[in-house]
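A quick write-up on the structure given underneath.
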Amino acid sequence: MSVLLEARGVTKVFGSGLFDQKRVVALEDFSMSISKDDPSIVAVVGESGSGKTTLARILLGLETPTAGDILYEGVNLQTLSRIERHEFRRNVQVVFQDPFEVYNPFYRVDHVLNTPIVKFGLAKSPTERKTLIEGVLEAVGLRPDEILGRHPHQLSGGQRQRIMVARALLLKPKVIIADEPVSMIDASLRATVLANLQQLKEDFGISVIYITHDLATAFQISQNIVVMYSGSVTEVGDVNRVVTDPKHPYTQLLIGSVPRADPNLQWSVDNLEVSHDIGIKGENYCKFADRCPHVLSQCVEKAPSLYQIDSQRGAACYLYEDSPVVERDAMNSLFVNQQ
Ligand SMILES: Nc1ncnc2c1ncn2[C@@H]1O[C@H](COP(=O)(O)OP(=O)(O)OP(=O)(O)O)[C@@H](O)[C@H]1O
Ligand SMILES: [Mg+2]
């Protein structure tokens, strides 16, 4: 298997400078990877502040890791040549949470679609440019005549977000990192944007890293899942196994916290209760220990490795320490269709 994009043992500490008062470990020894050959949707799920956006920004090269590496086709992002960097910028696209922020209110929405065409020299003539733009708008289910020529405030949030997906699609990237792409839009429009993301994989062979705090949509559209807690991976693998039979105590709490039968309840990872006080010793400990009903003495002394529980799932928990340890660069082997 060849790997397209990989985070290997990434740690990101904010505020460790001389004048920063508060030190925040946003990501800790975090690893995940996306295969080059088999497009898939991988959900990264975690509650607010668990490090999801930090991960997205680091994967995009917008932020540098404090420790660890981001590899693009096996090459460290920091050492890409100019040509490789150009290719990376084209092949790794992003769709952020709030589409409004990307738009300049004074420009028509056409501007956000024209920019990458000019930047990457995608069209040789105005006619070719028009065909390209119309093609991607139609690919995400928008009618070009209803969209082009309008200003951002004249469109719905769902339309704006779909234009962002269309924009990412212009470049025919290999992977799209979508950071909470539907959390700012109406529930009624969510389904269409999520369907667009699925379509990217089906029709264009584009992988998607779908970042969300909402387990229900993660379950709906992804094949594989990475559950994060406080900057670390807790459970990872086939989304069906993880959601229907969670093994990590955090995932168990998460999934047990909302009855799945009630469609009106948001199946969200936020607002779980804090449980008990345990004596934390040192920096390297299981971050879930103070909420864990199964906490053991070693949990507060050293963070657990990721243990392989079955063929397509791993959990970072001492309850499974008799299982084999998954090495950082072997995490893909746990994913469905990604070996
Ligand atoms: N530039 C920064 N400077 C200092 N701290 C930061 C910075 N960016 C993020 N953090 C901190 O890092 C942690 C992780 O933040 P991050 O934005 O990655 O979380 P998130 O999972 O995306 O949360 P949300 O679901 O609310 O978007 C938080 O504690 C946050 O306050
Ligand atoms: Mg975020």
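Whatever order the structure lists them in is the order used to number ligands and atoms, beginning at 1.
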For E47, which part has a heavy atom under 4.0 Å from ligand 1: side chain, backbone, both, or neither?
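Looking at E47 and ligand 1, just backbone atoms fall under 4.0 Å.
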Heavy-atom distances under 4.0 Å decide this one: backbone, side chain, both or neither, for T53 against ligand 1?
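The part of T53 near ligand 1 is both the backbone and the side chain.
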Does G15 come within less than 4.0 Å of ligand 1, judged by its heavy atoms?
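The answer is no, since G15 has no heavy atom less than 4.0 Å from ligand 1.
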Could you tell me whether ligand 1 has any atom less than 4.0 Å away from a heavy atom of S50?
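Within the 4.0 Å threshold, so yes.
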Metal site the Mg ion (ligand 2), protein N/O/S atoms found under 2.8 Å:
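That number is 1, waters not included.
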For A26, atoms of ligand 1 separated by under 4.0 Å from a heavy atom
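Checking each atom against A26, I get 12 (O), 13 (C), 14 (C).
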Looking at V42, is its backbone amide N or carbonyl O close enough to the side chain of N224 to form a donor-acceptor pair, meaning the two atoms are under 3.5 Å apart?
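No, N224 side chain to V42 backbone: no donor-acceptor pair under 3.5 Å.
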Please give me the minimum heavy-atom distance between L306 and M331, naming the atom from each residue.
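Where L306 meets M331 most closely, the heavy atoms are CD2-CG, 3.8 Å.
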Return a yes/no value for G51: is any of its N or O atoms, backbone included, closer than 3.5 angstrom to an N or O of ligand 1?
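Yes; at least one N/O pair falls below 3.5 Å.
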To the nearest 0.5 Å, what is the distance between CZ on R328 and CZ on R8?
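If I round to the nearest 0.5 Å, the distance is 9.0 Å.
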With a sphere of 6.0 Å drawn around CD1 of I83, does it hold more than 12 non-hydrogen atoms of other residues, nucleotides or ligands?
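Not buried by this count: 12 neighbours or fewer within 6.0 Å.
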Can you tell me which residue among L334, V236, V325 is in a side chain to side chain contact (heavy atoms under 4.5 Å, CB included) with Q308?
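That would be L334; it is the only one of L334, V236, V325 passing the side chain to side chain contact (heavy atoms under 4.5 Å, CB included) with Q308.
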